[in-house]
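Structure first, then comments.
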Amino acid sequence: MEIFMDNVRVRFAPSPTGFLHVGNVRTALFNFLFAKNRGGKFILRIEDTDLERSEKEYEDALVRDMKWLGLNWDEGYLVGGDFGPYRQTERLKIYKKYALKLVEGGKAYYCFCKKEELEAERERQKARGEIPRYSGKCRNIPIDEAKKKVEKGEEAVIRLKVPKNYKIVFEDIVFGHQEIDSSQVDDRVLLRPDGTPTYNFACVIDDFEMKITHVLRGEQHLSNTPLQALIYEMLGINPPIFAHLSTINGPDGKKLSKRHGATSLVEFREKGYLPEAMVNYLSLLGWSPPDEEEIMDVEEIISKFSLERVSKSPAIFDVQKLNWVNREHLKKADLDRLVQLVIPYFKKEGVFLDVNDDIKKFLKLILDGFLTHVDYLSQITKECNMIFDFNPENIVEDEEVKKILSREAARDVINCFYNKIKNIDYLDFENYKNAVLSCMKELGIKGKNLFHPIRVGITALSSGPEIEKIVDIVEFGSRCDLLKKVIPVKDRVKSVLDVLNG
RNA sequence: GGCGCUAUCGUCUAGGGGUUAGGACGGGUGGUUCUCAGCCAUCAAACCCGGGUUCGAUUCCCGGUAGCGCUGCCA
């Protein structure tokens with residue numbers, strides 16, 4: 001269906017009226033993947049023709065988010081290129097040129113109807129149960145007369161003169177052949193009195209001017225495409241190939257919104273999701289790899305990506321699966337990198353103000369012990385809370401711990417363990433192992449009857465990472481220059497024994 | 001209301017005129033490790049409904065239903 005092209009040019013064209021959310025990102029991602037897979041160009045264009053709602057702040061956020069994800073664009077906003085400018089409000093002259101061309105060719109006309117009048121009329125039509133449409137009142141004003149009015153300074157918009165009884169046809173890679181009667185499309189406004197274009201017009205002009213070969217965008221634009229296809233035709237130019245991407249909805253099947261929790265990309269970044277995990281998960285929404293391997297890095301996704309495997313049905317954003325994808329990438333990630341990523345969360349908790357090499361090593365030990373416990377990085381501080389908040393009283397409060405202590409010889413184990421370590425200055429792995437070993441021999445206890453009490457002795461808790469890892473973290477942490485002190489093993493066991501002995 | 005789009009386990013999906021309808025997340029169970037997490041094994045779980053076409057439809061066609069989108073001088 002699709003003609004092979006080796007000069008693929010695609011674009012992501014967001015409007016800076018809010019923060020990038022997962023739906024937009026998926027669209028950006030698919031454009032990026034397609035471009036890279038085909039060795040083409042990925043272009044970023046800013047559609048800021050909605051003067052009311054567009055904000056510079058959102059443009060900045062958008063750039064930051066795209067960069068974070070690694071969706072680097074080859075051409076466009078901020079990086080430049082041969083077809084700029086790439087922000088629509090800077091391209092007003094271009095739209096005007098094309099709009100005038102349509103007017104001259106009798107394909108569009110000036111409309112002098114007042115905005116308020118039209119709105120009132122729409123309301124009336126709706127009230128009567130009719131389909132709200134433009135009456136076509138100005139459609140037949142002779143062009144010379146209209147021009148004169150415009151010259152006199154009368155406010156006018158330019159509307160498309162949609163032909164009657166006309167079949168509009170276009171192809172969509174995802175949704176297939178589309179046919180619609182021109183009676184379904186209204187004489188839409190192309191250019192506003194202030195010279196700004198409306199979305200559907202600007203979009204066509206820019207895609208043409210920027211030599212866009214494939215338009216991949218959200219499914220909500222499928223209904224706009226007949227209008228756009230018509231504009232291409234009236235302009236006598238060839239449309240690009242369309243590929244609409246199904247919507248991503250919230251868990252209730254409704255449009256993604258605040259009440260579904262995090263939806264904007266910033267939120268996910270702040271929570272400590274890895275960018276490669278976001279990319280991976282989002283790539284799986286509406287597209288599936290040809291094999292059954294779901295965990296992929298960007299390069300793999302690029303190499304496997306094709307529009308043929310994009311599905312038509314809407315998808316629901318599932319945080320559970322995102323979490324799994326993120327955990328998988330967390331496992332594969334370089335520990336030193338994760339240390340860097342985790343620093344802000346510990347700072348926020350007041351664990352330290354500045355990092356030094358010791359603290360980095362300490363964080364590395366924490367990650368080694370607790371990483372398998374988290375879905376995303378910001379959870380780490382809470383997960384490793386036991387390192388900082390040691391509460392010996394817990395042994396008389398926690399049911400699980402009480403159960404362990406009620407077992408025979410539990411106290412003896414803790415006592416024995418304490419005696420073995422009380423004179424050791426720094427309990428390293430060897431020392432710890434030896435202490436445990438001699439307790440084992442001395443008391444003739446092994447397995448859970450040995451380790452459970454030791455765990456309680458050190459943490460006052462019944463569960464957590466491997467004891468030797470905790471020993472490592474706690475001992476090293478106690479020597480680090482931290483705002484939140486870490487109590488060393490020896491003192492911990494002592495405190496537990498004190499509580500135990502009343 | 002009109003027009004358009006969509007419909008496979010709870011979720012993401014594969015598949016496709018004849019299959020034990022496959023995988024993944026999540027859930028259940030069991031194993032492993034001192035415990036939790038993890039890891040391994042294992043189980044339950046789906047073709048929206050009704051008509052056609054056909055020897056045979058989950059798959060193709062039509063209708064219904066539901067959801068979503070468009071119906072703006074928003075994008």
Side-chain angles (χ1 to χ4, degrees), chain A residues 13-15 17-18 47-50 52-54 111 113-115 118-119 122 125-126 128-134 155-159 172 174-176 178-181 183-186 188-194 196-200 202-203 217-227 244 246-247 249 251-255 281 284-295 309 311-325 327 331 369-374 383 400 404 436 446-456 459 461-468:
Chain A
S15 43
T17 54
E47 307 217 329
D48 59 346
T49 55
D50 185 347
E52 304 271 303
R53 296 191 301 147
S54 294
C111 168
C113 297
K114 293 276 165 294
K115 204 173 169 179
L118 294 176
E119 265 160 30
R122 243 197 313 273
Q125 287 171 325
K126 269 193 212 162
R128 267 182 268 135
E130 290 171 15
I131 310 151
R133 311 200 48 148
Y134 174 60
E155 210 169 70
V157 300
I158 292 177
R159 282 183 187 275
D172 186 291
V174 177
F175 289 93
Q178 305 287 317
E179 256 183 51
I180 190 162
D181 195 88
S183 63
Q184 293 307 317
V185 350
D186 213 354
R188 301 295 294 268
V189 169
L190 267 22
L191 209 65
R192 303 182 185 104
D194 66 358
T196 58
T198 55
Y199 164 73
N200 285 293
C203 185
R217 78 228 303 186
E219 190 192 342
Q220 70 270 24
H221 292 299
L222 189 61
S223 311
N224 285 321
T225 311
L227 205 218
H244 287 90
S246 66
T247 327
N249 293 320
D252 53 2
K254 303 248 183 283
K255 208 194 290 183
Y281 174 67
L284 262 14
L285 247 34
W287 172 77
S288 60
D291 51 33
E292 281 182 337
E293 186 50 53
E294 293 193 301
I295 299 300
R309 297 189 66 83
S311 77
K312 297 189 268 200
S313 38
I316 286 173
F317 188 83
D318 180 18
V319 193
Q320 303 256 52
K321 187 145 183 176
L322 200 218
N323 286 161
W324 171 72
V325 173
R327 288 197 304 266
K331 275 187 224 160
F370 292 92
L371 197 60
T372 55
H373 292 238
V374 304
E383 272 310 311
E400 286 298 311
I404 291 169
V436 173
K446 55 179 182 172
K448 56 177 69 171
N449 289 328
L450 179 69
F451 287 101
H452 285 185
I454 292 178
R455 171 179 293 282
V456 169
T459 65
L461 295 168
S462 58
S463 68
E466 295 89 321
I467 302 175
E468 59 265 32

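All values reported here derive from a predicted model rather than from experimental measurement. Numbers restart at 1 for each chain; the letters A, B, ... are given by sequence-line order, proteins then strands.
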To the nearest angstrom, how far is [X] atom [atom1] from [N] atom [atom2]?
{"X": "A/Asp186", "N": "B/rU71", "atom1": "CG", "atom2": "C1'", "answer": "9 Å"}
{"X": "A/Leu284", "N": "B/rG23", "atom1": "CG", "atom2": "C1'", "answer": "11 Å"}
{"X": "A/Ile404", "N": "B/rC36", "atom1": "CD1", "atom2": "C1'", "answer": "11 Å"}
{"X": "A/Leu227", "N": "B/rG72", "atom1": "CG", "atom2": "C1'", "answer": "12 Å"}
{"X": "A/Trp287", "N": "B/rG15", "atom1": "CH2", "atom2": "P", "answer": "12 Å"}
{"X": "A/Lys321", "N": "B/rA24", "atom1": "NZ", "atom2": "P", "answer": "9 Å"}
{"X": "A/Ile316", "N": "B/rG26", "atom1": "CD1", "atom2": "P", "answer": "17 Å"}
{"X": "A/Leu322", "N": "B/rC25", "atom1": "CG", "atom2": "P", "answer": "14 Å"}

[atom1] atom, [N] versus [M]: distance in rounded Å?
{"N": "B/rU35", "M": "B/rC48", "atom1": "C1'", "result": "47 Å"}
{"N": "B/rC61", "M": "B/rU6", "atom1": "P", "result": "11 Å"}
{"N": "B/rU8", "M": "B/rG15", "atom1": "P", "result": "14 Å"}
{"N": "B/rA44", "M": "B/rG10", "atom1": "C1'", "result": "12 Å"}
{"N": "B/rU59", "M": "B/rU54", "atom1": "C1'", "result": "13 Å"}
{"N": "B/rA57", "M": "B/rG50", "atom1": "C1'", "result": "14 Å"}
{"N": "B/rA7", "M": "B/rC47", "atom1": "P", "result": "16 Å"}

With a 6.0 Å cut-off (strictly less than), is the heavy-atom count around CD of A/Gln125, excluding the residue itself, greater than 12? yes
Who does [N] pair with, Watson-Crick or G-U, both distances under 3.5 Å?
{"N": "B/rC68", "result": "B/rG4"}
{"N": "B/rC39", "result": "B/rG31"}
{"N": "B/rA24", "result": "B/rU11"}
{"N": "B/rA44", "result": "none"}
{"N": "B/rG50", "result": "B/rC62"}
{"N": "B/rA57", "result": "none"}

Run the side chain to side chain donor-acceptor pair (under 3.5 Å) test against A/Asp318 and tell me which residues pass, sequence neighbours left out. none
Which residues share a side chain to side chain donor-acceptor pair (under 3.5 Å) with A/Glu130, sequence neighbours left out: A/Arg128
What is the ring orientation for A/Tyr281 with A/Phe317, classed by angle as parallel under 30°, tilted 30 to 60°, or perpendicular over 60°? perpendicular
Examine [N]: is either OP1 or OP2 under 4.0 Å from a nitrogen or oxygen in the side chain of [X]? Give yes or no.
{"X": "A/Thr247", "N": "B/rG69", "answer": "no"}
{"X": "A/Arg122", "N": "B/rC73", "answer": "yes"}
{"X": "A/Lys255", "N": "B/rG69", "answer": "yes"}
{"X": "A/Lys254", "N": "B/rG67", "answer": "no"}

Quick one: which of [options] gets closest to the side chain of [X]?
{"X": "A/Asn224", "options": "B/rC68, B/rA75, B/rC12", "answer": "B/rA75"}
{"X": "A/Glu294", "options": "B/rA75, B/rC73, B/rC12", "answer": "B/rC12"}
{"X": "A/Arg159", "options": "B/rU35, B/rA75, B/rC73", "answer": "B/rC73"}
{"X": "A/Glu47", "options": "B/rU13, B/rA75, B/rC5", "answer": "B/rA75"}
{"X": "A/Gln220", "options": "B/rC73, B/rC70, B/rC25", "answer": "B/rC70"}
{"X": "A/Arg188", "options": "B/rG22, B/rU71, B/rC73", "answer": "B/rU71"}
{"X": "A/Ser15", "options": "B/rC73, B/rG22, B/rA75", "answer": "B/rA75"}
{"X": "A/Ala315", "options": "B/rC12, B/rG15, B/rC73", "answer": "B/rC12"}
{"X": "A/Leu222", "options": "B/rC36, B/rC5, B/rA14", "answer": "B/rC5"}
{"X": "A/Ser463", "options": "B/rU13, B/rC36, B/rC68", "answer": "B/rC36"}

Specify the closest pair of heavy atoms between [X] and [Y], including all atoms of both residues, with the distance to one decimal.
{"X": "A/Pro226", "Y": "A/Ser223", "result": "CD-O, 3.5 Å"}
{"X": "A/Ser311", "Y": "A/Val174", "result": "O-CG1, 4.2 Å"}
{"X": "A/Arg188", "Y": "A/Asn200", "result": "NH2-ND2, 4.5 Å"}
{"X": "A/His244", "Y": "A/Arg217", "result": "NE2-CD, 3.0 Å"}

Walking RNA chain B from its 5' end, the first of A/Gly253 and A/Tyr134 to be reached, judged by nearest nucleotide, is A/Gly253
Pick the nucleotide of RNA chain B nearest each of A/Arg309 and A/Asp318; which residue has the one closer to the 5' end? A/Asp318
A side-chain contact here means heavy atoms from C-beta on lying under 4.5 Å apart; do A/Glu294 and A/Lys321 qualify? yes
Taking N or O atoms only and anything under 3.5 Å, show me the protein contacts with nucleotides 1-3 of chain B, one pair per line.
| residue | atom | partner | partner atom | Å |
| --- | --- | --- | --- | --- |
| B/rC3 | O4' | A/Gln184 | OE1 | 3.3 |

Once rounded to the nearest 0.5 Å, what's the spacing between atom OH of A/Tyr199 and atom OG of A/Ser15? 9.0 Å
Need one value for [X]: base, sugar-phosphate or nothing, where a base atom within 4.0 Å counts as base even if backbone is also close, heavy atoms only.
{"X": "A/Ser246", "value": "nothing"}
{"X": "A/Pro453", "value": "nothing"}
{"X": "A/Pro251", "value": "nothing"}
{"X": "A/Lys448", "value": "sugar-phosphate"}
{"X": "A/Ile467", "value": "base"}
{"X": "A/Gly286", "value": "sugar-phosphate"}

Please tabulate, one pair per line, each protein N/O and nucleotide N/O from nucleotides 6-9 of chain B that are separated by under 3.5 Å, including the distance.
| residue | atom | partner | partner atom | Å |
| --- | --- | --- | --- | --- |
| B/rU6 | OP1 | A/Lys312 | NZ | 3.4 |

Assign a letter to each nucleotide of nucleotides 38-50 of chain B from its 5' end: B, base within under 4.0 Å of a protein heavy atom; S, sugar-phosphate only; -, no contact. SS-----------
By salt bridge (charged side-chain N to carboxylate O under 4.0 Å, His left out) - contacts of A/Arg309 (at least two apart): none
Record whether the side chain of A/His221 comes under 3.5 Å of the base of B/rC70 through a donor-acceptor pair of N or O atoms. no
